[in-house]
Amino acid sequence: MSNRYAVILAAGKGTRMKSKLYKVLHPVMGKPMVQHVTDQLNSLQLDKLITIVGHGAEDVKAQLGDVSEYALQEEQLGTGHAVLQAEEFLKDNEGVTVVLSGDTPLITGQTIQALLNHHEQQGASATVLTAKAPDPAGYGRVIRSGTGEVLRIVEHKDANAEELLVDEINTGTYCFDNKLLFQTLHNVSNDNAQGEYYLPDVLELLKKDNKLVTAYQTPDFDETMGVNDRVALSQAEQIMKRRVNEQHMRNGVTIIDPDSTYISTDAVIEQDVTILPNTMILGKTVIKEDAIIGPNSEVKDVTIGSRTVVKQSVAHDSEIGNDVNIGPFAHIRPQAQLGDNVKIGNFVEVKKASIGEGSKVSHLSYIGDAEVGKDVNVGCGTITVNYDGKNKHLTKIEDNAFIGCNANLIAPVTVGKGALVAAGSTITKDVPADALSIARARQENKNSYLKNK
């Protein structure tokens with residue numbers, strides 16, 4: 001196998017998106033389009049990846065980081081001119097270069113691999129990725145010889161009646177002999193209405209030089225979709241959502257209503273997990289076997305243990321153990337750690353807190369900046385009062401403690417093992433192990449008070 005390189009075209013602003021956000025950074029399934037492309041390319045273990053940046057260069061670099069090298073296209077003078085910016089990185093290298101656009105988020109590593117394999121097997125100088133279009137209007141038509149060799153690519157506006165009947169279209173993704181690509185790019189002319197240098201012109205020049213130009217046709221037209229406006233963006237979102245959901249279902253995940261279920265491409269879901277309707281699984285979430293998520297739930301960048309149930313709740317950036325019950329209407333905020341067999345009930349908020357195995361926070365409570373031990377019972381309406389107006393402080397509740405309803409624990413404070421805090425107490429001092437702490441005014445009844453008014 002020869003050396004393999006890739007060039008991603010990501011310099012355009014994308015005016016048809018009508019957005020302050022640069023086109024290739026618009027997300028599909030929660031991830032920028034250009035990130036989808038680089039993720040697929042990096043799965044192929046290429047020797048070098050160059051991203052051509054222009055508008056929003058710093059934002060694109062910040063998104064992709066060091067997975068790519070970058071070349072700047074200061075003026076947008078066409079796709080040929082864009083690829084030429086990678087010359088300093090690639091021009092003297094033997095091997096094969098694939099060129100594709102950063103606005104094609106549906107392209108898969110398998111298709112790119114098949115394109116590269118076809119190119120190398122044919123010994124071609126250039127190979128164009130094609131597809132059969134249900135409606136080829138507006139696309140360049142790929143005209144082949146009887147033996148399958150590419151004769152020419154005809155733009156829609158230039159096609160005659162016979163050529164307009166061809167439904168095999170140019171997807172805008174190409175594979176080239178690397179040295180020939182950069183040698184030929186210098187011969188591309190901008191003698192056209194737009195005054196730009198077009199990458200497809202390289203194919204014509206190679207043909208004139210009697211070089212072999214072939215085509216590889218992908219069976220999935222959807223993969224080749226380029227996103228140029230918000231309508232196409234929504235279409236790509238729907239296609240990818242169906243693709244991801246179908247893959248999980250074939251891997252043994254039950255999705256009750258795929259149309260209302262949204263799963264990140266980076267999520268890992270084990271067999272026999274059940275996803276109920278109107279659920280969003282975002283980021284790099286991991287869900288272990290037999291868990292039940294939903295309905296009407298959102299989890300993001302969370303690890304969820306086996307047999308855990310998350311019902312009508314939100315959880316972000318946290319670790320949740322096995323056999324945990326969450327919800328309905330709970331909020332697990334970042335840096336929460338819930339041990340096995342924990343219960344987090346309705347209208348409970350947990351933030352930057354660890355809750356030990358078997359502990360329960362069943363109703364209407366806020367547990368923030370806290371360390372809660374094992375088998376603790378936190379009564380309804382309990383608050384860890386963690387903020388003094390300037391700093392956050394830690395509350396510790398040790399194993400087997402019992403916190404009565406409507407208790408305020410004023411941090412920093414520790415409730416010892418087996419201690420009991422009486423309902424309605426405001427605790428400002430540490431509570432020793434096995435102690436009963438009562439911090440409320442003695443009840444006083446004024447008999448006949450209202451009659452005497």
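Here, residue 1 is the first one in the sequence, and each next residue gets the next number. The structure presented is a predicted model; accordingly, all values stated were derived computationally and were not measured.
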Within 45° of the ring axis of Tyr5 and under 6.0 Å from its six-membered ring centre, is that where the NZ or CZ of Lys48 lies? no
Side chain Asp209, main chain Lys211, donor-acceptor under 3.5 Å: no
Looking at [X], I'd like to know if its [atom1] atom is crowded, meaning that more than 12 non-hydrogen atoms belonging to other residues, nucleotides or ligands lie closer than 6.0 Å.
X      : atom1 : value
Lys351 : NZ    : yes
Glu69  : CD    : yes
Lys396 : NZ    : no
Arg230 : CZ    : yes
Lys284 : NZ    : no
Lys241 : NZ    : yes

Whether the [X] and [Y] side chains hold a donor-acceptor pair (N or O, under 3.5 Å, no angle test) is what I'd like checked.
X      : Y      : answer
Ser19  : His26  : yes
Thr108 : Thr111 : yes
His81  : Gln73  : yes

Name all pairs fulfilling the ring-ring contact (aromatic ring centres under 6.0 Å, His included) condition that reach into residues 241-279, sequence neighbours left out, sorted by first residue then second. none
Under 30°, 30 to 60°, or over 60°: which ring-plane class applies to His118 and Tyr216, parallel, tilted or perpendicular? tilted
Tell me every residue that passes ring pair (Phe, Tyr, Trp, His ring centres under 6.0 Å) with Tyr198, counting only those two or more places apart in sequence or in another chain. none
A side-chain contact here means heavy atoms from C-beta on lying under 4.5 Å apart; do Thr127 and Gln122 qualify? no
